[in-house]
Amino acid sequence: MASLSIPGVEDPDETGLSAPVCRTVTPDGDVLLLVPGDSAAARAAAHAQDDDLTAVMEITDVAPVSVPHRIRGRAWVAGWLTPVRNGQRAEAAMLLAERHPVGELLGIGEALRPDPAPGPAGRTAWMMLRLEVGEGAVDDLWGAESFEPDDFAAAAPDPLVAHEAELLQHLHAAHSTQVRGLCALLGDREQLCGLRDRAVPVGLDRFGLRVRFTDAEQRSFDARFDFPEPVRDVAELRRAMHRLFEAAGDTP
């Protein structure tokens, strides 16, 4: 879930700044956004001089399973917002469509037209914007840290990111007993699991699984179960999970 704010720009309808329809990151580390053409962000970008419109995008990471304290983290990316223009529009649209295969339904196709059909009040229905990253910060389950544009550009997506929500939901629905059994791997903290009646997987990446244990009084703690080595795909993940469950004494 992402929101976009521009200092000094108000959105009287409370719709334009808060919801980019889709987003992705270019190989150079810029953030591409598709926004409604009548949004405050589109209007501000269209009338600003190049590189003088500062903006902040906030991304909220919500666990895809029902659990207390469901927000796993937030990230902020600040920089300069400009419309994607001329020959850059086709390349930007292709990058957006790679992440959002139904992009044309979301407005990417319309945003590519040389003279897009005007929407209300003569505005185009959709606009592609580019956020050149100047600085950023992350505050999540692992801690808080700032990052530089070069670090952002060099970062690679986790290989499980496209499947995480589905995998966590499957683990919770079909393997809840095995997930709770991971308590056996907690050493001194294992005794706390005897007081817990719920174990929910809340995070999954190439390095391991995070589980939240919660009792009837909503007291909870998180435990991280690392894989022996980073996984590269879902097939390797299945083997890593099997080894985790086996080590805990409960093979699914």
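All values reported here derive from a predicted model rather than from experimental measurement.
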Report summary line: Partner of Leu81 under side chain to side chain contact (heavy atoms under 4.5 Å, CB included), picked from Val56, Leu53, Thr54, is Leu53
Requested in this report: Using the side chain to side chain contact (heavy atoms under 4.5 Å, CB included) rule, pick out the option among Val200, Val179, Leu186 that qualifies with Phe213.
Outcome: Leu186
Atom of [X], atom of [Y] and distance for their closest heavy-atom approach:
| X | Y | answer |
| --- | --- | --- |
| Val133 | Asp30 | N-OD1, 4.2 Å |
| Pro159 | Arg206 | CD-CD, 3.7 Å |
| Arg23 | Ala2 | NH1-CB, 3.5 Å |
| Leu182 | Leu244 | CD2-O, 3.8 Å |
| Ala153 | Asp28 | CB-O, 3.6 Å |
| Leu4 | Ala41 | CD2-CB, 3.9 Å |

Rounded at 0.5 Å granularity, tell me how far [atom1] in [X] sits from [atom2] in [Y].
| X | Y | atom1 | atom2 | answer |
| --- | --- | --- | --- | --- |
| Met241 | Leu171 | CE | CG | 5.0 Å |
| Phe225 | Arg243 | CZ | CZ | 16.0 Å |
| Arg130 | Arg85 | CZ | CZ | 10.5 Å |
| Glu246 | Arg239 | CD | CZ | 14.0 Å |
| Thr82 | Gln88 | OG1 | CD | 8.0 Å |
| Asp139 | Asp61 | CG | CG | 11.5 Å |

Query raised in the report: Is the backbone N or O of Asp38 less than 3.5 Å from a side-chain atom of Arg43, with the two atoms forming a donor-acceptor pair by type?
Result: yes
Query raised in the report: Is a side-chain donor or acceptor of Asp151 paired with a backbone partner of Ala154 at a separation under 3.5 angstrom?
Result: no
Taking only distance into account, with no hydrogens and no angle test, what donor-acceptor pairs under 3.5 Å do side-chain atoms of residues 62-71 form with protein atoms, sequence neighbours excluded?
{"residue": "Arg70", "atom": "NE", "partner": "Ala63", "partner atom": "O", "Å": "2.7"}
{"residue": "Arg70", "atom": "NE", "partner": "Val65", "partner atom": "O", "Å": "3.1"}
{"residue": "Arg70", "atom": "NH2", "partner": "Ala63", "partner atom": "O", "Å": "3.3"}

Requested in this report: Mind telling me whether His170 and His175 have parallel, tilted or perpendicular rings, with 30° and 60° as the class edges?
Outcome: perpendicular
Requested in this report: Indicate the ring-plane relationship of Phe147 and Phe152, choosing parallel, tilted or perpendicular according to the 30° and 60° boundaries.
Outcome: parallel
Query - Heavy-atom check, side chain of Pro27 versus side chain of Leu95, under 4.5 Å - result: yes
Query - Salt-bridge present (Arg72, Asp222; N to O < 4.0 Å) - result: no
Query raised in the report: With sequence neighbours excluded, what pairs up with Phe207 under the ring-ring contact (aromatic ring centres under 6.0 Å, His included) test?
Result: none
